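Report on the following structure.
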Amino acid sequence: MTPTNATSPSGSAAATAAAAAAQQNHTPVPTPHTKPHAFTQQRLDPLGALAVWTIVPGIALVVFGYAVVTTVLQADEIRHPFLAVLALVATAAASAALVSAVRPSRSPVRQTSLLLIISLGLAAHLLDQAARWGSNSLVQDDFGPITIGFLLVALAPFRPWRELALTAVLASVVVAAVTLPQEPFRSLRVPSGVFVVVAVTQVLALGLAGAAYSRRIVRQLLAWQTDARRAIARRTEESRGSVVRQVVEQQLATLQPGVFPLFDGVLERGVVTKADINRANELAAGVRRAIVAHIDETWLDAVIARERTALLERGKDPLLVVADPEHRAAHFGTQQRAATSALISMLCLAPGFDPRSLVVQADTEPDSEPDTQVDPPSDRQQRHSGIDTFSIRVALDLPPRRVRALLRSYTAVLRVVFPWVRVSIRRPGLTLEFGDKRPRPVPPVR
């Protein structure tokens, strides 16, 4: 009884320290502060946006088909057929740019893509109006305004709502500026403002509807994520005691085969011999190594350990290697961890996977931006500055086409949560590289 009471406090303290350090190491680094209006559904919920994108080719087809049908049915109003053909070409280009921009392999959708798509839509409308100038009897049957509106609706899951709303307003101004001078050529005698309202409404109604959808879905996703984080925090606080007890029991189980017999022998003899001292030093060194190894583990080590166990259960002899000496994986955000973990799990389950080929390596590339600090950075700042790069190398005995099909949805998510992603396929080798640039260290205030 005496040895147990003597060792439990020290073991408990060591275990508690190890658990606290491990918890600190596993805590995701908060993402940089971003205002809610700058978020998009694609960035907050990459998988949801991946499911939505399949609708976009249909919208693009409807847009182009409507433009063709409208042009054919109103052929008697066209004075310049060449300009009408150019308008259809611009509509086709806008539809193709839309489909290309939202493809999973091109995610996330950039602001430049939004500007290009809407510019092509506006160009199609201007060319169509130029082709009909002087003979456009009605406004509601022009394909330009409704084309621009549908393009904005298709971009709603991929761009912030304020961008969509501002683009809709600016596009409506252009549409109004082109509609107003054609009032003398209309077949109906009504105030000129009526034609402007009819034309502008087609852009604003659809554009603002897309902006409202983007705003609403982003707010719901942010509220859901906030509730989830609070629930996780409450669950973590509630389970802290049980986790500490489990760690203590594990440490006691580790100490029992060596430390307790040593103490029993010392109590029986009543004398501490040189052999006892040497044995105690060996045991202390072993406990120290175990604690340090536990503290050095990251979430990535846990993922690899899980996959190694699963492969062993399937009767395979795995050799999964993690090379992350500086624990760069600890800087991953929550979404980045989930995406990387899902990717590794998929690779380990993929057909043709070589269980002795998976290597995950972390490295750091120097930051190419100029240093604005007056004083030279400290050693710690030098270690934690720059761009973290990660590579996953694996052997998959599959044709490159099948490998790309397997990776399509995973790389789409990776491109959303990481600034850059690169995939290299040379059968049977597959290399995925991705990186995340952290903010530069803030110099201490003096």
Side-chain angles (χ1 to χ4, degrees), residues 37 39-42 48-49 51-71 73-74 87-88 90-102 109-129 132 136 138-180 182 193-220:
H37 62 75
F39 285 118
T40 64
Q41 179 185 359
Q42 186 180 44
V52 170
W53 98 270
T54 55
I55 306 175
V56 175
I59 296 177
L61 184 62
V62 168
V63 165
F64 180 68
Y66 179 74
V68 172
V69 171
T70 302
T71 302
L73 294 179
Q74 301 173 14
L88 293 179
T91 305
S95 301
L98 173 65
V99 175
S100 176
V102 303
V109 177
R110 309 292 181 182
Q111 187 182 60
T112 53
S113 299
L114 168 67
L115 296 177
L116 174 63
I117 293 167
I118 301 304
S119 297
L120 290 172
L122 284 172
H125 177 60
L126 294 176
L127 289 169
D128 178 63
Q129 294 302 299
R132 303 164 185 261
N136 191 3
L138 295 175
V139 175
Q140 59 268 26
D141 57 358
D142 295 341
F143 69 82
I146 199 167
T147 293
I148 298 170
F150 270 112
L151 292 175
L152 290 171
V153 168
L155 289 168
F158 308 101
R159 293 307 305 166
W161 70 269
R162 289 195 177 184
E163 282 187 13
L164 298 172
L166 180 60
T167 304
V169 171
L170 294 178
S172 65
V173 171
V174 176
V175 171
V178 178
T179 303
L180 191 59
Q182 300 184 70
V194 174
F195 296 108
V196 174
V197 170
V198 172
V200 166
T201 300
Q202 299 178 70
V203 179
L204 287 180
L206 292 172
L208 295 182
Y213 167 83
S214 177
R215 182 172 181 265
R216 180 64 176 173
I217 196 70
V218 164
R219 288 197 169 191
Q220 288 182 340

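Along the sequence shown, residues are numbered consecutively beginning with 1. Note that the structure is predicted; figures quoted are calculated from it, not measured.
- Scanning both residues, Ala156 and Gly210, for their nearest heavy atoms gives CB-O, 3.3 Å.
- Looking at every heavy atom in both residues, Val56 comes nearest to Ala154 through CG2-O, 4.1 Å.
- Atom-to-atom distance recorded for Leu61:CG and Leu98:CG is 11.5 Å, nearest 0.5 angstrom.
- Nearest heavy atom pair, residue Thr91 against residue Phe64, reads CG2-CA, 4.1 Å.
- Under the 4.5 Å side-chain criterion, counting only non-hydrogen atoms from C-beta, Pro157 is in contact with Tyr213.
- Here the CZ atom belonging to Arg162 is positioned 12.5 Å from the CG atom belonging to Leu164, to the nearest 0.5 angstrom.
- In terms of heavy-atom proximity, Val109 sits nearest to Gln42 at N-OE1, 3.0 Å.
- In this structure, Leu115 CG and Leu120 CG are separated by 11.0 Å, a value rounded to the nearest 0.5 Å.
- Residues Ala199 and Pro145 come closest through the heavy atom pair O-CB, 3.5 Å.
- Between the OG1 atom in Thr179 and the CG atom in Asp142 there is a gap of 7.5 Å [rounded to 0.5 Å].
- At least one side-chain heavy atom of Gln220 sits under 4.5 Å from a side-chain heavy atom of Ile217.
- Scanning all heavy atoms of the two residues, the minimum distance from Gln41 to Val218 falls at N-CG2, 3.9 Å.
- Note: Arg215 CZ to Leu208 CG = 12.0 Å, rounded to the nearest 0.5 Å.
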Distance-only donor-acceptor hits, side chain of residues 165-177, under 3.5 Å, sequence neighbours excluded:
residue	atom	partner	partner atom	Å
Thr167	OG1	Glu163	O	2.7
Ser172	OG	Ala168	O	3.3
Ser172	OG	Val169	O	2.5

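- Applying the side-chain contact (heavy atoms from CB on, under 4.5 Å) test to Arg110 and every residue at least two apart in sequence or in another chain returns Arg43, Pro108, Thr112, Ser113.
- Under a 3.5 Å cut-off, the side chain of Thr54 and the backbone N or O of Ala51 do form a donor-acceptor pair.
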Enumerate donor-acceptor pairs with a distance under 3.5 Å from any side-chain N or O in residues 146-153 to protein atoms, sequence neighbours excluded.
residue	atom	partner	partner atom	Å
Thr147	OG1	Phe143	O	2.6

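- Not a single donor-acceptor pair under 3.5 Å links the side chain of Ser214 to the backbone N or O of Thr40.
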